[in-house]
Amino acid sequence: MAEAGGAVKKTDTEGRIWLGLLAVLALLAVIPGAIGNAFHAHVLVLILLYASMAQSWNILGGYCGQISFGHSVFFGIGAYGAGMAMVRYGSAPWLGVLAGALAASAVSVLISWPCFKLRGHYFAIATFAVVEIFGRLFLVWDWIGGALGLDYPIMDDSWTHFLWSSDKTGYYTGAVALFALVFGVVRSIEGRRLGYYMRAVREGQETAESLGVNSTHVKLTAMALSAFMAALCGAFFAQYNYRVDPPMVVSLDMSMKFVLITILGGMGTFWGPLLGAAVLIPLQEYTRTYLASLGAGVDQVIYGLLIIFMMVRQPRGIMGFLAEFGILGGRSDSAGKEAGDASP
Amino acid sequence: MFSGGATTCARSRRVLRSCILAVIFLLAAGSAFAAEEKVIKIGALFPLTGPAAVSGQNCLAAVQTAADIINGKYDFADFPLASKEGLLDGYRIEIVPGDHQGKPDVAKSEAERLFNQENVFAIIGSYNSSASKPASAVAERLKKIFMCGASSSAELTERGFNYFFRTAATDNIESREFIDYIDYLNKNEGAGIKTLGLLYENSEFGKHAAEEGKSVAAGIGLEVVADVPFTVGATNMSSEVQTLKSANPDAVFGAALGSDYSLMVRTMKQTSWAPKIFINYCTGYQNPSINKELGSDGNFFMGGMGYSPEIAEVYMKAALPAQEIYRAKTGFPLDSDSIQESVCLHVLAQAIEKAGAVDTEKVAALLRSETFPSPLSLSGQVAFSPGGQNNKAFTVITQIVDQKYRTVFPESYADSELTYPFPAWDKR
Amino acid sequence: MAESVCSRPSNGGTILADFSQVLIDGLMNGAIYALVAAGLSLIWGVMDVINFAHGEFLMVAMYACYWLGSLLGIDPLFSWVLTGAFLFFLSAASYLLVVRRCIGRSAMAPLLATFGLSIFLKNFCLNRFTPNFRLLSGTIMEGRVLHVMGASVPLPQLVTALFSLVVLGCLYYFIKRTRIGWAIQATAMDREAAELMGIDTGRIFTLVFGFGGMCVGIAGGFMTSYLAVFPEVGALFSLIAFVVVALGGFGSIPGALLAALLIGLVESFAGFYIAPVIKYVAVFALYVVVILIRPKGLFGW
């Protein structure tokens, strides 16, 4: 698609960095013993997973400007899709994963179609309410196990069941695939008509509509896509942890992770979700393990202070910091995106 | 200018050289030193933060108490390994704590980290049944030992695991005991208890306990007239207590932790209602700090316990010195939940000692086959059935009177008469 | 065995007694939610900021009241003044140090910054005060119960609820009838115009945040007379406060009161006549239903 000269150059650089990164990640998967079972492997897998989660949220929140705190619902539906297939039906998770993702998309469209009438904080609080409703209903829904949750059986490592114990290479490869999928989808949307429409809606819904953009259609498409991706991440989460129960997946805490990582990295940017995850996840994991001796909760105190610091100093997140120092200029339309610039 | 530069340059090179030498020396010394250390690392995975932090921190303190006793030289009567310093020929136990924050996914990754990074020999944990499940699954997959103290869900030992061992009584065992007691009261004291209500937190622990309660109640023809789950951390318990009051069951089984327990007690007092008999699973009832805070409002409630300071005075005297070490750490006496974690370490240590080596297969085989003396266990012994359940787990039913735990059942352990039915709130 | 009889109402009067109990519980709990939410409503109305740390302010107030009660023996009936004042300053400080620097630039930044503040406060208290549940006993109001139409009305909650109405009334009067209140309203309507009129809007914002905190400080002071204090105590109150404010409508104090009472009633009726475990589902479902019919809340403008 033809673009202004300057923009084309940036796309090329970004494209090269993207392919380079994918190559490195893929290489690590094939070199035997590169991943292993160390704690660092776990942190790497989590970074890729949370980056994918954040990027899925970014589709709706960053590019389309609809700040939702409800993504843990879709995450949870995906997780239960995988969990039900493995535990209740005793089969491989893959069909369950697909079913969960499709169900999440369907649910997302159903609940957002009325919610998109709301503006600003009202919409945000409506999404809180949705998470609470789903979370509590799941707790009493016996068909999915209710409060007891679903526990995975002990099985041999395999790709069929996507379960590993002695080595994380399988999980890592799956995480890279998920990461490539979600980021790849966003990359392709960025340059397509849908991407431009989304950004137009974000900048000013009424203006976009006056130019002929069907904002409802655009928002619903963004929502469905975002929910689908979030559900895939949820399925991975279930497979990784050998268990699903409602408070693990459908909770405000989990929803906040989707939001925080994206905003701390840089909302509405391609790299923001990855940067946010690359900083927050190691911080979260390493402070918990190494600061435990300082007393309970010290890691969380640091986490809280970091969030405050970032929001006070640079609400555009890490991408904002980088822009300040002239690195990774980013695309001209996304460089100026701040948390909450979205039209209320 | 040049000479100044050269001198500075030479000096900094010298400094750099001495630093490098110092580091090499330290590393060499360090590794030489490390080679001498005989340490058995044991992981302790508990909720040190989050909603269950009170219990989690107590459990960790209990494990550390046990480690202190094993590592040190104490002249305790009838206490295996206390008088010997450490294990085998000079090994000492080092506890490596892990915090799962009450989240099953964190429990899973912490278990992996403890085994793979910290190279712990075994893990003791994890209090919340929902966290113990994935953490012990990690251990089983890695063929490593997981000792579980206070997680009550019976499912944990119904998985056919080979490396999982749980010392506490399950909610199934406790339910049977409660029902046996009600049956006893009906037959011997004409108590006339015909209906049952259940009030439990809507979590893995509460839900499972309630299911067990319901299934054994049918066995003596007790009719379940109220089944009331509640949200953890609720802002009020008005609807819950009112629902119970209007169904008015003769007996209620309760499963509420911490603050919910105190809210429940106070709400019952405000509505001037109580069943004839209220028995609790391992919950806020067994927590000494809660009972201190509740004061006289906590009187006449009942629960199943594997330990109380009052029971120890009479039946578990060997545990009293250990309790003092624990009290120095937390300011409270041992409680029924945290003591199980101590038991786990003591039993594991004895198995290692008996195996003569820090070898998982040998130790696990002994755990599966031997009976171990356990001064911190009410029955005095611990032995595991296939699947990992301690078949010598034993609890008594106690009632709080004058803010003290009085044992009322079984008869051989009873030190008081039961106050039945629950006295009216305004007549106390 | 001791022979005592628990008080049991006769079958005929039970239905009416149950109904009046549910009604009174709902109104009381609703009034208490209103007191917790009042401060949030004020802050949102004037500054368009959702204070995510609101529940943690409540928790801090409850700890303050607990320590005043257990260490100095001051009853919550009197210590609420002190906790209110303490929270005024804490809240104003939060504004000056944190919120002021993110406001205006983005809509999400203050919300996330206060989210960070909530995590900080909660874990700071966990670290310093241990997670043990603290229950204040021996207070003046404790354990006293009134009986009205067959329903039991506990005195601590009743006093808290009535006081909440008083506080809300005072707050409303303050906003509508005093000069500072007019300045606040002016700032809320149009910040630039207010500046042009000579109002120091920065100071107004500090004051508003302070008053918002003071309201929740008073709430915390009273609530310690019947609730246990622990680091997570504010969580659910926080969520309900958000829903109350959004349901009542942006910036409306009467709206917040009405919404809170409605929520208290829905919670109470759903909790008893349907099932206690879904009482909060009903509350959040109510919000979703109302907001779809009236997207700006009941009284929003």
Side-chain angles (χ1 to χ4, degrees), chain B residues 48-57 189 191 202 228-231 233-243 245-246 248 258-263 266-267 269-276 284 287 289-290 292-297 332 417-428, chain C residues 1-9 14 17-18 21-22 25-26 28-29 32-33 36 123 126-127 130-138 142-145 147 151-157 226-233 235-237 240 267-277 279-280:
Chain B
L48 303 176
T49 57
V54 182
S55 309
Q57 290 182 9
E189 316 267 1
N202 203 15
V228 185
F230 66 85
T231 307
T235 56
N236 60 70
M237 287 257 202
S238 323
S239 309
E240 287 80 0
V241 172
Q242 205 190 340
T243 304
K245 178 176 178 177
S246 103
N248 208 7
S259 67
D260 298 320
Y261 181 78
S262 54
L263 187 58
R266 285 205 163 166
T267 311
K269 178 174 173 183
Q270 281 158 0
T271 47
S272 302
W273 178 82
K276 291 182 188 162
N287 188 329
S289 68
I290 297 267
K292 194 178 83 151
E293 307 270 347
L294 273 175
S296 59
D297 290 342
F332 285 105
E417 281 276 316
L418 172 71
T419 303
Y420 175 88
F422 207 101
W425 289 100
D426 49 357
K427 293 192 176 68
R428 290 155 57 135
Chain C
M1 282 189 300
E3 275 232 3
S4 319
V5 177
C6 302
S7 49
R8 246 174 267 195
T14 313
D18 278 344
Q21 180 78 60
V22 172
D25 277 342
M28 270 198 323
N29 286 324
I32 295 173
Y33 292 149
V36 175
N123 285 279
L126 174 80
N127 188 278
T130 82
N132 273 316
F133 310 103
R134 318 269 180 175
L135 204 55
L136 202 54
S137 37
E142 183 190 317
R144 290 174 200 255
V145 180
H147 292 277
S152 323
V153 181
L155 194 60
Q157 281 94 315
Y226 66 92
L227 273 182
V229 193
F230 59 104
E232 310 256 347
V233 72
L236 198 47
F237 281 103
I240 294 181
E267 179 196 329
S268 192
F269 277 91
F272 184 70
Y273 290 110
I274 308 180
V277 75
K279 65 186 190 186
Y280 297 115

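Proteins get letters first, then strands, A, B, ... in listed order; numbering begins at 1 in each.
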Residue part contacting chain C, namely of [X], when any heavy atom lies under 4.5 Å:
{"X": "B/A52", "result": "neither"}
{"X": "B/F332", "result": "side chain"}
{"X": "B/N236", "result": "both"}
{"X": "B/S289", "result": "side chain"}

Can you tell me which portion of [X] sits under 4.5 Å from chain B's heavy atoms? Options are side chain, backbone, both or neither.
{"X": "C/V233", "answer": "neither"}
{"X": "C/Q157", "answer": "side chain"}
{"X": "C/L155", "answer": "neither"}
{"X": "C/F269", "answer": "neither"}
{"X": "C/F272", "answer": "both"}

Is the closest side-chain heavy-atom distance between [X] and [Y] below 4.5 Å?
{"X": "B/D297", "Y": "C/E142", "answer": "yes"}
{"X": "B/L294", "Y": "C/L135", "answer": "yes"}
{"X": "B/T235", "Y": "C/N29", "answer": "no"}
{"X": "B/Q57", "Y": "C/P131", "answer": "yes"}
{"X": "B/I290", "Y": "C/F133", "answer": "yes"}
{"X": "B/R266", "Y": "C/P156", "answer": "no"}

Exercise for the section: Identify which of B/G295, B/P229, B/S55, B/G50 forms the greatest number of heavy-atom pairs closer than 4.5 Å to chain C. Expected result: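 Greatest number of close heavy-atom pairs with chain C: B/P229.
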Handout entry: Between OG1 on residue B/T231 and CG on residue C/L236, distance to nearest 0.5 Å
Key = 7.0 Å
Exercise for the section: With sequence neighbours left out, write down each residue that passes side-chain hydrogen bond (donor to acceptor under 3.5 Å, both in side chains) with B/T49, or none if nothing qualifies. Expected result: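 For B/T49 the side-chain hydrogen bond (donor to acceptor under 3.5 Å, both in side chains) partners, ignoring immediate neighbours, are B/D99.
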Problem - Side chains of C/N132 and B/K292, donor plus acceptor under 3.5 Å - result: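 No.
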Minimum heavy-atom separation for [X] and [Y], please, with both atom names.
{"X": "B/S246", "Y": "C/D18", "answer": "CB-OD2, 3.7 Å"}
{"X": "B/V228", "Y": "C/P276", "answer": "CG1-CG, 3.7 Å"}
{"X": "C/L126", "Y": "B/A53", "answer": "CD1-CB, 4.2 Å"}
{"X": "B/S262", "Y": "C/A228", "answer": "OG-CB, 3.8 Å"}

Handout entry: Pairs of heavy atoms under 4.5 Å with chain B: top-ranked of C/Y226, C/Y273, C/Y33
Key =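 Option with the greatest count: C/Y33.
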Exercise for the section: Output the option from C/P231, C/A275, C/G271, C/A235 having the highest count of non-hydrogen pairs under 4.5 Å with chain B. Expected result: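 The answer is C/G271.
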Problem - Any residue meeting side-chain contact (heavy atoms from CB on, under 4.5 Å) with C/S152, in chain and number order, not counting sequence neighbours - result: B/K245, B/T271, C/Q21, C/V145, C/H147
